[in-house]
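As C-alpha cells, the structure follows; a few thoughts come after it.
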Amino acid sequence: MHVKIITITLFILSLFGSNESVHASAILDQTFLFEASADDSIPQDFMAIMPWIKSNPQQSKVSLAGGDYWMASAFVVSSDEGRWSVNVKNAIIESVDYWIIGEDGSKQYFHSGYYAPYEFLFDYARKVELKKNTNYWLVTRINSRYYSSQPKLQVQSYEQHRLSSDLSAMFVVLCMGALASIAFYNLLIYASIKDKAFLYYGFYVLTYAIGWALTFHIPAHLFGFHGLQLHHLFFIGLPIFNILFYKHFLQLPELSPKLWQLSKYLMWACIIALPASIYLISYTAIIASILIMLWIALAITCGNVCLLKGFYPARYFIVAFTCLLLPAVLILPGNMGLTPDFFDNAELATLIGGTADALLLSLALANKIRMLSDEKERYIETLDIAWKNARVDVLTATANRFAFDEFMRQDQPIGPTANSECYLVLITIEGLSQVNKKVGLGEGDKLICFVAKQLDKLINKRSQKSIYRVGVNDFVLFIDKDDIAEIELTTTQIEAQFSQEGFTDASLHVGRCLNTEVLNNHEWLRNADQNLYANKSVKRRQLYAQRLSRTLDLES
C-alpha cells in the first residue's frame, strides 16, 4: 500500500518535473531543430539521418508566431518494456508527424496533432514498439500557426505516460469542475442580491474555464470541435471581466481614481485586441501574454493600494492574484520567447494556480458578503435605536407626542361594541409658566419630571400602557375603566405634594373619556380634552369659592 502511495506521489511530482526525470528510461541525445519546406522528405535509412540533419541550417528555437519545423533526436531505451510513447510536448500544434527509424532497419510512422484523433488525453503522444538497447532516430515534423511555448521531444514508457496523462486529466477535470461551480454559484448570488461584483466575477471565472477547456482540447475530445482562433479570445477577455469585477469589489473609483483610470485603459486595450485572436492568430499568444502580465501587475497594485486605504477584504484579493502571479512569472515570459521554459506541464500549473485564484477570490467575495451583513446588522441596530429615540421625550424619558400620534393612528377598540373598556386620561399642569417666571426654567423642568415620575410609578404598578408627554405640560395615559378611581386619587396626591416640593403656583387637572362613548380616535381625544376643561372650570370655581369664604371669615 505504501509503495503504491509513493509511486503515485512520484508521478504527481513528475507532472511538474524536468525532462531528465521524465526520460529516465529512455536516453535522448541532443535535439536538432531546423525549418522544413513543402517538398522536404525524410531519409528512410538510419545512417542517412545524420548527414541529412547536417545539411540543414540548425536553429536554437522555433518561432512562437508559427512555422514548419523538423525536430530530430537519437535515443536508446534501457529497459525491456516493449510499449513506449513518443510525444512533442506543447499545448497547441496543428500537425505532428512522427518517424521512428531503428538501426535494425525498423521503421514506424504516426500522425497526430490538433485535428487528429487522440490516443492520450490532452497531448499528441502516440504508442510505439521499441526494443531494448537498439539505437533509434525520432524525427518529427511539426506545423502550426503559432506555438504556446518551445516544443520538446519526449520518449516515455507507455504505462508511465498513460498514468501521468491520466493524473493530468484528473487535475484538469477537477479544476474545470471547480471553476464551473464557482462561476455559476456567483451568477446565482448576483441573481439574488444584484451586486455587480458577483456578476462580473462569475463571467470572469466562466471565461477562464472556457479558455482552459479549449487549451486542453476538451471540446475536441467531447464534441469534435476545433476552433484554434477562439483559444486566446477568452484569455484576452479575462482582464476585461476581472477589471470590471475589481472595480466594484475594491470600490476602486472611490479609493483610487488614478488606478481606475489605468485599469480602464488596459480594459479598452483588451477589447481592441480581441479581434487579434482571429485575424492575427500567429501573434495572438504573444499579445495575450503581454496583456495578462500587465493585468496581473495592475490588479495586485490595486489590491495593495485599497488594502492600505483600509479596505480589508482586499487581502484575499492580493493572495488570490499572488497564486496567479507565481506560475505566470515563470510561464508568460517563456510564452513570449523571452526565457526558456522552466518546467514541463506549464499549462497545467497555470490552470491550478488560476483555480486557486478563483477559490481565494470567492473567499474575498464571501468576506464581502459577511461585511455587508455586519454593516446591515449595525445599520438595523442604529436604526432601531434612532427609532426608539425618536419616540422618547428627552426631558422625562416618557413616550413623546410622535409616539402618541403613531399609537392613535393604529386600530384601537373604539365604539359601543368594543370588547374592553378603556379610558384616555389627559393630565395637564397649570401654573407652569408662573413657576418658570418666579424660580426659573430649571425648576419648571423639575416640576414636569416630578409629575412624570409619579405617573410612571402608577403605570408600572398597574402594568398599563405607556405614559405619553403630548405637550409642554400635558400627559396622556390609557387605563382600564376599573382603575380610573386610582388615577384620580393619585393626581390628587401629586397635587398635594406640589407645595412640599416648592411648586405653590402649580396645580394638576384631569380629563377623561371612555372608548365605548365615542366612534373614533379623534373624538376620543377631543372629548377627553373637553372633559379636562370642564373639570378645570369646576375646580377654579371651587377654589374661588374657598378663597372668598376665607376672606369673609377674616373680615367678620
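Note: hydrogens, waters and symmetry copies are ignored here, and every other heavy atom, side chains too, is used.
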Note to self: To the nearest 0.5 Å, what is the distance between CD on Gln108 and CG on Leu130?
What the structure shows: 6.0 Å
Next item on the list: May I have the step-by-step check of side chain to side chain contact (heavy atoms under 4.5 Å, CB included) for Leu259 and Leu298, ending in yes or no?
Entry: CA-CA 8 Å; Leu259 283 176; Leu298 183 58; 4.0 Å; yes
Check: Do Lys89 and Tyr124 come within less than 4.5 Å of each other through their side chains, counting heavy atoms only?
Finding: no
Notebook entry, point to check: Just how far is it from atom OG of Ser112 to atom CG of Asp123, taken to the nearest 0.5 Å?
Noted result: 8.0 Å
Notebook entry, point to check: Does a donor on one side chain sit under 3.5 Å from an acceptor on the other, for Ser263 and Tyr246?
Noted result: yes
Notebook entry, point to check: Is the side chain of Gln251 donor-acceptor paired with the backbone N or O of Phe249 at a distance under 3.5 Å, no angle test?
Noted result: no
Check: Quick one: are Phe311 and Leu307 in side-chain contact, heavy atoms under 4.5 Å?
Finding: no
Margin query: Classify the ring geometry of His248 against Tyr200: parallel below 30°, tilted from 30° to 60°, perpendicular beyond 60°.
Written below: parallel
Checklist line | Sidechain N-carboxylate O distance under 4.0 Å for Arg83, Glu129 | finding: no
Note to self: I need the Leu214 CG to Ile218 CD1 distance, nearest 0.5 Å.
What the structure shows: 8.5 Å
Notebook entry, point to check: Just by distance, do the side chain of Asn242 and the backbone of Leu238 share a donor-acceptor pair under 3.5 Å?
Noted result: no
Notebook entry, point to check: Under the side chain to side chain contact (heavy atoms under 4.5 Å, CB included) criterion, do Ser144 and Ile92 qualify, and how do the steps go?
Noted result: CA-CA 8 Å; Ser144 190; Ile92 293 294; 4.1 Å; yes
Check: Can Asp97 and Tyr109 be counted as having a side-chain donor-acceptor contact under 3.5 angstrom?
Finding: yes
Note to self: Would the distance check show the side chain of Tyr147 and the main-chain N or O of Gly67 forming a donor-acceptor pair, the cut-off being under 3.5 Å?
What the structure shows: yes
Margin query: Run the ring pair (Phe, Tyr, Trp, His ring centres under 6.0 Å) test on Phe241 and Phe203 for me, step by step, so that the C-alpha distance in whole Å, both residues' side-chain angles and the decisive distance to 0.1 Å come before the verdict.
Written below: CA-CA 7 Å; Phe241 289 114; Phe203 282 136; 5.7 Å; yes
Margin query: Let me confirm one number: the CG-CE distance from Leu153 to Met71, rounded to the nearest 0.5 Å.
Written below: 4.0 Å
Item checked: Taking every non-hydrogen atom, the tightest pair across Asp195 and Tyr190 -> O-CD1, 3.1 Å
Check: Between Trp212 and Phe235, does the ring centroid distance fall short of 6.0 Å?
Finding: yes
Item checked: side chain to side chain contact (heavy atoms under 4.5 Å, CB included) evaluation trace for Trp70 with Asp40 -> CA-CA 10 Å; Trp70 289 103; Asp40 277 353; 3.2 Å; yes
Next item on the list: Work out which heavy atom in Ser37 is nearest to a heavy atom in Asp39; give both atom names and the distance.
Entry: OG-OD1, 2.9 Å
Notebook entry, point to check: Between Tyr114 and His217, is any side-chain donor less than 3.5 angstrom from a side-chain acceptor?
Noted result: no
Next item on the list: Could you pull out the closest heavy-atom pair between Ile243 and Trp295, with the gap in Å?
Entry: CG1-CD1, 4.4 Å
Checklist line | By salt bridge (charged side-chain N to carboxylate O under 4.0 Å, His left out) - contacts of Arg126 (at least two apart) | finding: Glu119
Margin query: Just verifying a value: how many Å separate Met176 CE and Ser181 OG, rounded to the nearest 0.5 Å?
Written below: 11.5 Å
Next item on the list: Would you indicate whether the side-chain heavy atoms of Gln156 and Trp84 approach each other to under 4.5 Å?
Entry: no
Margin query: Quick test of your reading: applying ring-ring contact (aromatic ring centres under 6.0 Å, His included), list the pairs with at least one residue in residues 256-287, sequence neighbours left out, ordered by first then second residue.
Written below: none
Notebook entry, point to check: Below 4.5 Å, heavy atoms only, C-beta onward: do Phe32 and Trp52 meet side chain to side chain?
Noted result: no
Checklist line | Ile272 side, atom CD1; Met267 side, atom CE - distance, nearest 0.5 Å | finding: 11.0 Å
Item checked: Worked verdict on Val88 versus Gln154 for side chain to side chain contact (heavy atoms under 4.5 Å, CB included) -> CA-CA 6 Å; Val88 179; Gln154 179 190 64; over 6 Å; no
Check: Is any side-chain heavy atom of Leu255 closer than 4.5 Å to a side-chain heavy atom of Leu252?
Finding: no
Notebook entry, point to check: Between the side chain of Ser168 and the main-chain N/O of Ser164, is any donor-acceptor distance below 3.5 Å?
Noted result: yes
Check: Under 3.5 Å, is there a donor-acceptor pair between the side chain of Ser282 and the main chain of Arg145?
Finding: yes
Notebook entry, point to check: Heavy atoms, side chains only, cut-off 4.5 Å: are Ser149 and Asn90 in contact?
Noted result: yes
Margin query: Give me the atom names and distance for the closest heavy-atom approach of Glu81 to Ser157.
Written below: OE1-CB, 3.2 Å
Next item on the list: Would you indicate whether the side-chain heavy atoms of Phe407 and Phe402 approach each other to under 4.5 Å?
Entry: no
Check: Are side-chain N/O atoms of His232 and Tyr146 paired as donor and acceptor at under 3.5 Å?
Finding: yes
Checklist line | Closest contact, heavy atoms only, Lys132 versus Val77 | finding: CA-CG2, 3.7 Å
Item checked: Within-4.5 Å side-chain heavy-atom neighbours: Gln59 and Tyr69 -> yes
Margin query: Just checking Lys196: does its NZ atom have more than 12 heavy atoms from other residues, nucleotides or ligands closer to it than 6.0 angstrom?
Written below: no
Check: Using the ring of each side chain (for Trp, its six-membered ring), is His161 parallel, tilted or perpendicular to Phe120, with breaks at 30° and 60°?
Finding: perpendicular
Checklist line | Modelled atom types, side-chain donor and acceptor of Glu103 and Tyr136, under 3.5 Å | finding: no
Notebook entry, point to check: Using a distance-only test with no angle check, is there a side-chain donor-acceptor pair under 3.5 angstrom linking Ser85 and Asn87?
Noted result: no
Item checked: Closest heavy-atom pair and its distance - Ile101, Pro43 -> CD1-O, 3.3 Å
